[in-house]
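Okay, so here's the structure we're looking at.
Here is how names work: the chains are called A, B, and so on, in the same order as the sequence lines, proteins then strands, and each is numbered from 1. From a predicted model like this one, the values you see are computed outputs, not experimental measurements.
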Amino acid sequence: MQGSLKDIFDSYVKGGRVFKNKETLSIRFAPDNIPHRDRQLKQIGLIIAPVLRNEKPSNIFVYGKTGTGKTLVVSNVINTLLKSADGSDSRLRIIYVNCKMKKTTDTEYRLLAHLLSYFGETVPYTGLPTNELYSKFYKYLDSRNQNVIIVLDEVDSLIRKIGDDILYNLTRVNQELDNSQLTIIGISNNISFIETLDPRVRSSLSEEEIIFPPYNASELRDILTERTGQAFSPGAVPTGVVAKCAALAAQEHGDARKALDLLRVAGEIAERNGSPVVEEKHVDMAEKKLDTDKIMETIHSQPKQSQAVLKAILSLYGDGEKNIQTGDVYDSYSRICRSNGITPLTQRRVSDLISELDMFGVINARVTSKGRYGRTRVININHPETLIRKMGDFLVGEFG
DNA sequence: GTTAGTTCAGTTGAAAGCAATATTATCGGCTAC
DNA sequence: AGCCGATAATATTGCTTTCAACTGAACTAACGA
């Protein structure tokens, strides 16, 4: 009792110091304990354990939606494995590649170059035929007796870009090697992704499949509770707030990442407002802020043309137009292009851009048949006024 | 009142054009023998 | 001779445009009761 009273005084003295260690809420932070993932952890561990005896484990294919702890669990297993292997003489090599990182791995060549660089082999940035890299890679693997595990995080985006040839080649590497062994762990967000693969690749890559189901609200609550202990000052986060974050994130396919973001941003807001305690209204504000940030970010990263289309839509919306149609947008858009010295695209393309903006959730568009008066997309914007104004301000900056 | 056709205003899919990059092939110069 | 880097030649992308078939309900006209 006295301890907690002291805590309250302490935090009061520090002037609404909500966080103790904010780092622990970041995505990059790897906690030692991963609640509700014991089963997966054990499964992967069991499958992969044979490497310690220099035997080849099965290839593993891991899938589950974003924020279900796939990467976390896999990297946890890997680290523990490396620690256990430290003493023994098994020649264990683990390579982790995040295929989403555009720069390093957007072609077969780049990926191989990346893998080779793990072996200390530098290859020219460009200029060598891809086959050369393969044989180099094989040679390197085979040059010494070793057990190599390659973790391909977000393989689905890799395959979408460069096809499944590379997986085919990698999975059959073992037949070519005499001394070494290669195991592949593929991690994917997309569950249906495995079905798009070549059957041969599919069977060898997914010798073992591990599924990460979404967290439900109470599991999320456990995760958050665990992290709040590390991240926040004692007593700064009431259980109601944790529950609220968990519930909000559970609505969105149980994304733990989102739950943590909510909590972190809510904490930041509380701190900024000088409140020593995170309140539920801060969570609401945090959710709005996250939404806004996400949309503003997508807008920022849109190409000029797409921004111009959005500008056209917004200016129609600003004129009080309800039920904006593609034709109107196109007129307004070509006006904007003319006054800004941009060459306008065809209506065909603009139509696609509109549906893209819809997919991103920036606007809301759906095709409606207006009977005798044709068929078109009806566009509206379902955002709070503040966000719309923010969008408008940004686009005025771009297009005057 | 029902039914069968029309019609509009784009939507959607496929194919092809085009410019920017990436990958391969080729060549001349340089080094080591 | 063999290797290296530079450059030319070729292939691959990513974004657009062109062409053309398709859509679905409001509107119309004809139908039958």
What distance separates Arg257(A) CZ from Thr66(A) OG1, expressed to the nearest 0.5 Å? 6.5 Å

Does any part of the side chain of Ile381(A), heavy atoms only, come nearer than 4.5 Å to the side chain of Leu314(A), both counted from C-beta? yes

Under-4.0 Å side-chain N/O to phosphate OP1/OP2 contact, Ser351(A) with dT11(B): yes

Without decimals, in angstroms, what is the distance between Ile379(A) CD1 and dG10(B) P? 10 Å

Can a cation-pi geometry be assigned to Lys65(A) and Tyr215(A), taking NZ or CZ under 6.0 Å from the six-membered ring centre and within 45° of the ring axis? no

From CD1 of Ile324(A) over to P of dA9(B), roughly how many Å is that when rounded to an integer? 18 Å

Quick check: closest heavy atoms across Leu262(A) and Val283(A), and the distance to 0.1 Å? CD2-O, 4.2 Å

Remaining members of the apolar cluster that contains Leu46(A), side-chain heavy atoms under 4.5 Å: none

Nucleic acid footprint by protein, nucleotides 17-27 of chain C - heavy-atom cut-off 4.0 Å, B for base, S for sugar-phosphate alone: BB----BBBBS

Spacing between Gln305(A) atom CD and dG14(C) atom P, to the nearest angstrom: 19 Å

Interatomic distance, CD1@Ile336(A) vs CG@Asp331(A), rounded to 0.5 Å, equals 11.0 Å

Grab the CD-C1' distance between Gln302(A) and dC15(C) for me, whole Å please. 14 Å

For dA9(B), does OP1 or OP2 lie under 4.0 Å from any side-chain N or O of Gln325(A)? no

